[in-house]
Amino acid sequence: MKIALDAMSGDYAPIATVKGAVEALKENEILKVILVGKENIIKEELKKYTFDQERLEIKNANEVVEMTDDPVRAIKDKRDSSMNVCIDLVKDGFVDASVSCGNTGALLATSQLKLKRIKGVLRPAIAVPFPSKKGNTLFLDLGANADTKAEYLDQFALMGSKYMEILSNKKNPRVALLNIGEEEIKGNELTREAFGLLKNNIRINFVGNIESTRILEGDVDVVVTDGFTGNILLKTSEGVGKFIFHIIKENIMKTFLSKLGALLLKKDLKKVKEKVDASEYGGAIFLGLNGLSIKAHGSSDYRAVKNALKVAGKFIEANFIEELRKTMEV
C-alpha cells in the first residue's frame, strides 16, 4: 500500500505532514509513504523521528502551490510542485493514492486533468462523512461544483450510495436531498427537478427531502446537494463546532466548581471532542475520478494528516476505484 503525501502543503507543513506520516507508519504495518516536496527541508524534519526507513521515501519537488494561487495557473506554472508530483505518481501507477492539505481548487483541477473522470461520470464531487447520532452520514457535493445540474445530483446520489456500501458496510443506504422543506414541491428549480430524477432512480434508496435541522439525526446515510450550498454547510458546521467548544471552555474556567466538574467529566468531554473534531475524520475524496485523490483540511495538524492517510488506506483496501467503475459503467 503506497501513498504519496504532499509534504509541503497546509498551514502547518512540513511539521504536521512529516509527523503525521511517521505516526501513520506506526499504526499500519503494510503502509508505505512517499513524502513529496523539498528534499532538504523534509530530511531535516525527519531527523526528529525514528521510523522504518524501508517504508518512507522522499520524492523531491521544488515548488509549492500556495493557498492564494489561481488553480489553473498553479497547474501550468508550477509543474514541479509537490501537489502536481503527487497526482503524477497516482496517474503513473507508482502509488495507490495521494493525500494533500493544499489549495482545494488547484488540487481538484490537477486531479481532474491528470486522473480523468471514470467513464460515465458527469462531474466529480467532494464527499465528506459527518458524525451523526447514529454513526456517520455522507455529504456531497461539498465544493467541487458551485453550479450544478439535476442530473449531477442524481449521479452524486449513486456514487454516495456506493461509497457507503463499500466503506461503511451499509446495505441499501438511505439517500436524501438537502432542501428547505420535506415536501416534494419545496425548493428551487434545481431541487424540484433533482427530486424527480432521484425518485425514479431504481438504483438508489431515495427517501425524499431533508432539512438542515435533521441532517445530524442519522436517519439517512447519504445527503446530496450542490457544491455551493454544500461548501457553506461544511464551513458553517465547522464554525458552529468551534464556537460551542469556545463557549464551553470559557464557562468552565469561570469558577472553581466548574473547573472541578470539568475535571470529573474530562474523559466524556474528550469523547465529545473526538466525535465532532474534523481532524478525526481525515480527509475528503474527490469522488468520481479514475484514481484516489484525498483532500485533507488546510489547517490539518499531524493527527488529521495521519487520519487522512488512514482514510486513503481504507479506499485502497476496498479496491474502491474499481468497484465504483463497475457501478458507473453499467
Side-chain angles (χ1 to χ4, degrees), residues 2-21 33-46 57-92 94-117 124-128 141-146 227 231 234-235 278-279 282-302 304-309 311-312:
K2 296 173 73 174
I3 302 173
L5 174 61
D6 180 357
M8 307 308 295
S9 294
D11 296 345
Y12 305 111
I15 296 171
T17 48
V18 170
K19 185 176 181 180
V33 178
I34 316 297
L35 289 169
V36 181
K38 297 179 180 180
E39 188 172 6
N40 58 329
I41 295 176
I42 296 172
K43 281 184 175 179
E44 191 63 31
E45 193 63 30
L46 282 171
E57 295 180 13
I58 300 173
K59 174 72 174 175
N60 188 58
N62 294 310
E63 297 174 298
V64 179
V65 174
E66 305 293 345
M67 291 296 188
T68 53
D69 284 346
D70 176 80
V72 177
R73 300 297 301 177
I75 297 172
K76 293 181 178 179
D77 298 344
K78 294 185 174 180
R79 297 181 186 275
D80 192 36
S81 69
S82 52
M83 181 184 290
N84 262 314
V85 173
C86 277
I87 301 302
D88 280 334
L89 291 173
V90 178
K91 181 190 72 173
D92 296 337
F94 189 74
V95 299
D96 303 301
S98 167
V99 172
S100 176
C101 306
N103 182 315
T104 303
L107 182 60
L108 178 61
T110 304
S111 300
Q112 280 201 86
L113 178 68
K114 297 185 176 185
L115 302 179
K116 310 297 183 185
R117 295 194 298 271
I126 297 176
V128 178
D141 173 28
L142 294 186
N145 306 275
N231 194 261
L234 175 66
K235 290 173 180 175
S279 67
I285 184 175
F286 292 141
L287 198 57
L289 297 182
N290 234 329
L292 289 172
S293 179
I294 307 295
K295 170 66 175 74
H297 208 293
S299 60
S300 293
D301 58 12
Y302 81 90
V305 173
K306 178 195 70 175
N307 288 326
L309 290 166
V311 166

First locate atom OG1 of T104, then atom NZ of K295, and finally report the distance between them rounded to the nearest 0.5 Å. 3.5 Å
Donor-acceptor pair, distance only, cut-off 3.5 Å: does the side chain of N60 make one with the backbone of K38? no
Hey, does M8 have a side-chain heavy atom less than 4.5 Å from the side chain of I41? yes
Any side-chain heavy atom of L309 sitting closer than 4.5 Å to one from V311? no
Would you say that E39 contacts E44 through its side chain, given a criterion of any heavy-atom pair below 4.5 Å between the two side chains? no
Which atom of L46 lies closest to which atom of I58, heavy atoms considered: CD1-CD1, 3.9 Å
For the residue pair I75 and L113, establish whether any side-chain heavy-atom pair is separated by less than 4.5 Å. yes
Expected output: side-chain T110 to main-chain A106 donor-acceptor under 3.5 Å: yes
Distance check, rounded to the nearest 0.5 Å: I126 atom CD1 versus L287 atom CG? 10.5 Å
Least distance between heavy atoms, T17 atom then A7 atom: OG1-O, 2.8 Å
Under 6.0 Å from the ring centre and within 45 degrees of the ring axis: does the NZ or CZ of K2 meet both conditions for the six-membered ring of F94? yes
To the nearest 0.5 angstrom, please state how far the OG atom of S81 sits from the CG atom of D69. 9.0 Å
Quick one: are V36 and C86 in side-chain contact, heavy atoms under 4.5 Å? yes
Distance in Å, H297 NE2 paired with N307 CG, rounded so as to fall on 0.5 Å steps: 14.0 Å
Output the distance between atom CD (E45) and atom CG (L35), rounded to the nearest 0.5 Å. 10.5 Å
Considering only heavy atoms from C-beta outward, does the side chain of K116 approach that of L289 to under 4.5 Å? no
With no hydrogens and no angle check, is any side-chain donor or acceptor of N103 less than 3.5 Å from a backbone partner on M67? yes
Ignoring hydrogens, what is the shortest heavy-atom contact between I294 and A312? Give both atom names and the distance. CG1-CB, 4.0 Å
Say whether, by atom type as modelled, one donor and one acceptor occur between the side chain of S9 and the main chain of D6 under 3.5 angstrom. no
Contact between V99 and V305 at the side-chain level, heavy atoms closer than 4.5 Å - yes or no? no
Without hydrogens or angle criteria, can the side chains of D11 and S299 be said to hold a donor-acceptor pair below 3.5 Å? no
For S82 versus G37, what's the shortest heavy-atom pair and its separation? CB-CA, 4.1 Å
Checking K59 against V85 for the side-chain contact (heavy atoms from CB on, under 4.5 Å) test, could you report, in this order, the C-alpha distance in whole Å, the side-chain angles of both residues, the deciding distance, and whether it holds? CA-CA 8 Å; K59 174 72 174 175; V85 173; 3.8 Å; yes
Treating N84 as the side-chain partner and K78 as the backbone partner, does any N or O pair qualify as donor plus acceptor under 3.5 Å? yes
With a 4.5 Å cut-off on side-chain heavy atoms, are I87 and L115 touching? yes
In Å, rounded to the nearest 0.5 Å, how long is the span from CE of M83 to OG of S293? 8.5 Å
Over all atoms of both residues, closest heavy-atom pair of L108 and P124: CD1-CG, 4.3 Å
Heavy atoms of L107 and S100 approach each other most closely as CD2-CB, 3.9 Å
